[in-house]
Each structure stands twice: as C-alpha cells, then as structure tokens.
Student: 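Here it is, the structure in full.
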Amino acid sequence: MSYPHYDSETTGIEYLDGLYSYAMVLTRNHAEAEDLVQETYVRAMPAMKRLRPESNVKGWFFKILRNAWLNQLRKRRTGPEISWIDGEDGSAREIAEPSPDSYAALVSKTEGEQVRAAIQKLPAKFREIILLREFEELPYHEIAGLLDCPVGTVMSRLARARAKLRELLTLTKPESSVGKVRNEGLR
Amino acid sequence: MRDCVDYRENILLHLDKELCVSQADELRTHLELCENCRETLEAEKELSRVLRRSRPLYSAPASLRDRLLRAMNEPDSGSLPRK
C-alpha cells in the first residue's frame with residue numbers, strides 16, 4: 001500500500017474536502033466543521049517543513065483534526081452537548097445544501113443527499129469509520145492508528161456501521177439465505 | 001471446514017483489499033461454490049458503489065479554501081486568525 005508522502009510541494013490543500021467531510025461527520029454542523037478545519041491547518045502549516053520525506057501526510061492531517069476535535073470536546077465537557085457520545089438523532093442540527101440546477105445534477109444530488117442523511121443518522125463512531133474507509137480509503141491499520149484502537153475493532157465497527165448504513169439506505173442486509181440488493185430507496 | 005459466517009468477515013476484508021493472497025484464494029474458491037456468499041459480496045459491493053458515487057461527502061466552502069490558500073501563499077498575512 002502506498003501513501004501520499006511528504007514532499008516540499010505538499011501544502012495539504014488537496015485534503016481539504018476530505019478533512020471538511022471528516023469535520024462534518026464529527027460535528028454535524030457547517031460552522032463548527034469550518035472552524036475545525038481551519039484549526040487543523042493553523043496547527044499543520046508551521047510543522048509541514050519538519051515532516052520527514054517518508055511521512056504519511058494525509059494521515060497526519062486527519063490525526064491533527066481528530067486531536068483538535070477531542071480537545072474541543074474536553075473543553076466543552078461541562079457544556080450541554082457532547083456530540084461524540086451522541087445517539088442517532090440527526091434532527092437537532094439541520095444541514096443546508098445548495099440546490100442543483102440540472103437534471104443530471106438532480107439525480108446524482110438526490111442519491112448524494114440520501115447518503116449524507118443516512119450517514120448523519122449513524123452514531124458518531126460509525127459515521128467516522130465510514131468516512132475514513134469508504135470515502136478516504138484509509139487502510140485498516142492506518143484507521144486503527146488514527147482512532148487509537150486495535151485493527152480488530154476497526155473491522156468489527158466497520159462491519160456494524162456498514163450493516164446499519166445499508167438498513168438506512170434500504171439496501172437489504174446480507175443474511176445467510178437472502179442477499180439481493182434492493183435499491184429503490186436510492187432511485 | 002469453515003462456514004459462511006467465517007467467510008462473511010473475509011468478504012469485507014476482500015473488498016477493502018485487506019486479505020492476504022492465500023485468504024483471497026480460499027475465499028474465491030468458496031465464492032465459486034456458494035451462492036449466498038456471492039450475493040453478500042454483491043450487496044456489499046453495491047453499498048460501496050453507492051457511497052463512492054457520493055464523493056466527496058461534503059465540499060469545503062470556497063471561502064475557506066480561499067482563506068487557506070492565501071495563508072499558504074502569504075504565511076505572515078494573518079489571513080488565518082488563530083482561534
């Protein structure tokens with residue numbers, strides 16, 4: 001497996017959408033996600049030149065963002081809301097999306113909107129692992145390093161997250177006897 | 001002899017390219033014989049396809065991108081206020 005290693009031209013801007021998506025699944029709030037991503041770059045930029053050539057820059061950025069998020073949670077511990085231990089209620093924070101302006105965009109948007117809505121209904125730890133694996137394609141050992149947990153935990157959490165997500169997207173859950181894909185909910 | 005429950009976990013590992021060669025060969029042999037596991041594999045593939053068509057999950061606001069690029073080009077300009 002090859003990783004995006006550091007070179008002198010790397011700025012980290014190529015990870016912006018991925019980092020913003022990660023911040024969105026952690027916070028479920030655009031303003032907080034934006035602040036978190038900005039904080040990530042504020043921390044990362046002065047340290048970029050100190051990275052070794054073999055450094056895994058992408059994983060490093062994601063780790064900085066996660067640490068910044070955990071620090072925010074610690075500071076808020078006395079506050080009324082701690083999203084990290086939330087359940088499945090995605091209703092408290094509405095997430096506005098821009099409207100599409102072509103039919104093709106609408107079709108694709110509809111599916112994308114459903115995927116985002118389904119993911120945001122998952123518990124935080126499931127949202128996080130789906131983002132890291134299915135969207136960012138981080139290998140298991142790297143996710144384990146990022147989350148500070150064993151690879152076995154990554155595997156089991158990912159399997160449960162995928163099963164729950166499949167239910168939310170009305171794709172049938174693979175069972176021993178039936179495994180056909182029903183896709184109506186996405187069309 | 002392993003049963004389908006054992007292979008179910010390996011199907012996910014196979015999709016995520018986390019199986020070693022011998023495990024992948026063993027799974028492939030099982031898939032040739034087992035319709036249920038083939039259907040499971042297809043269902044898992046379909047979920048991955050649906051998710052990956054939705055990339056990126058969110059796009060960063062243009063204003064944030066602009067702010068970051070300015071700060072990268074002019075590190076002393078103060079365009080990224082430290083919180």
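None of these values were measured; they are calculated from a predicted model. The basis for the numbers below is simple: all heavy atoms, side chains too, and nothing from hydrogens, waters or symmetry mates. Order of the sequence lines sets the chain letters (A, B, ...), proteins ahead of strands, with each chain counted from 1.
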Student: Can you confirm whether A:V37 sits close enough to B:L64 that some side-chain heavy atom of one is under 4.5 Å from a side-chain heavy atom of the other?
Tutor: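 The answer is yes; the side chains approach within 4.5 Å.
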
Student: Could you tell me if the side chain of B:L68 sits less than 4.5 Å from the side chain of A:T11, heavy atoms only?
Tutor: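 When only atoms from C-beta onward are counted, B:L68 and A:T11 do not touch, as no gap falls below 4.5 Å.
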
Student: Output, in order, the C-alpha distance, side-chain angles, deciding distance and verdict of side-chain contact (heavy atoms from CB on, under 4.5 Å) for A:Y140 and B:L13.
Tutor: CA-CA 9 Å; A:Y140 289 5; B:L13 296 179; 3.0 Å; yes

Student: Taking A:E137 first and then B:K17, would you say they form a salt bridge - that is, a charged N and a carboxylate O separated by under 4.0 Å?
Tutor: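 No salt bridge links A:E137 with B:K17.
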
Student: For a quick test of reading the model, state the closest non-hydrogen atom pair linking A:F135 to B:R55 and the distance between them.
Tutor: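 Between these two residues, the closest heavy atoms are O-NE, 3.4 Å.
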
Student: Side chain of B:S54, backbone of A:V115: donor and acceptor closer than 3.5 Å?
Tutor: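 Such a contact is absent between B:S54 side chain and A:V115 backbone.
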
Student: Looking at B:R65 and A:D17, is any side-chain nitrogen of the basic one under 4.0 Å from a carboxylate oxygen of the acidic one?
Tutor: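 Yes, charged N to carboxylate O under 4.0 Å.
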
Student: Measure the spacing between CD of A:Q120 and CG of B:L57 and express it to the nearest 0.5 Å.
Tutor: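 These two atoms lie 7.0 Å from each other.
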
Student: Give a yes or no on whether a salt bridge exists between A:R166 and B:E44, defined as a side-chain N under 4.0 angstrom from a carboxylate O.
Tutor: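 A salt bridge links A:R166 with B:E44.
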
Student: Are the side chains of A:Y20 and B:P56 in touch, meaning some heavy atoms are under 4.5 Å apart?
Tutor: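 A side-chain contact under 4.5 Å is absent here.
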
Student: If you count heavy-atom pairs under 4.5 Å between each of A:L131, A:I13, A:I130 and chain B, which one has the most?
Tutor: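 Option with the greatest count: A:I13.
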
Student: Could you pull out the closest heavy-atom pair between A:R116 and B:Y58, with the gap in Å?
Tutor: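 Reported closest heavy-atom pair: CD-CE2, 3.3 Å.
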
Student: Between B:L41 and chain A, with a heavy-atom cut-off of 4.5 Å, which part of the residue counts as in contact: side chain, backbone, both or neither?
Tutor: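 Neither part.
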
Student: Would you say CD of B:E9 has more than 12 non-hydrogen atoms from neighbouring residues, nucleotides or ligands within 6.0 angstrom?
Tutor: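 Atom CD in B:E9 is not crowded, with 12 or fewer foreign heavy atoms closer than 6.0 Å.
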
Student: If you compare all heavy atoms of A:R162 against all heavy atoms of B:L12, which two are closest, and at what distance to 0.1 Å?
Tutor: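 For A:R162 and B:L12, the tightest heavy-atom pair comes out as NE-CD2, 3.3 Å.
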
Student: A:L19 versus chain B, heavy atoms under 4.5 Å apart: side chain, backbone, both or neither?
Tutor: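 Looking at A:L19, nothing touches chain B.
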
Student: State whether B:R49 and A:E134 are salt-bridged, where the test is any N-O pair (Lys NZ or Arg NE/NH1/NH2 against Asp/Glu carboxylate O) under 4.0 Å.
Tutor: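 Salt bridge flag = no for A:E134 with B:R49.
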
Student: Evaluate the criterion side-chain contact (heavy atoms from CB on, under 4.5 Å) for residue pair A:E34 and B:R67; output intermediate values, then yes/no.
Tutor: CA-CA 11 Å; A:E34 195 166 332; B:R67 214 158 58 238; 3.2 Å; yes

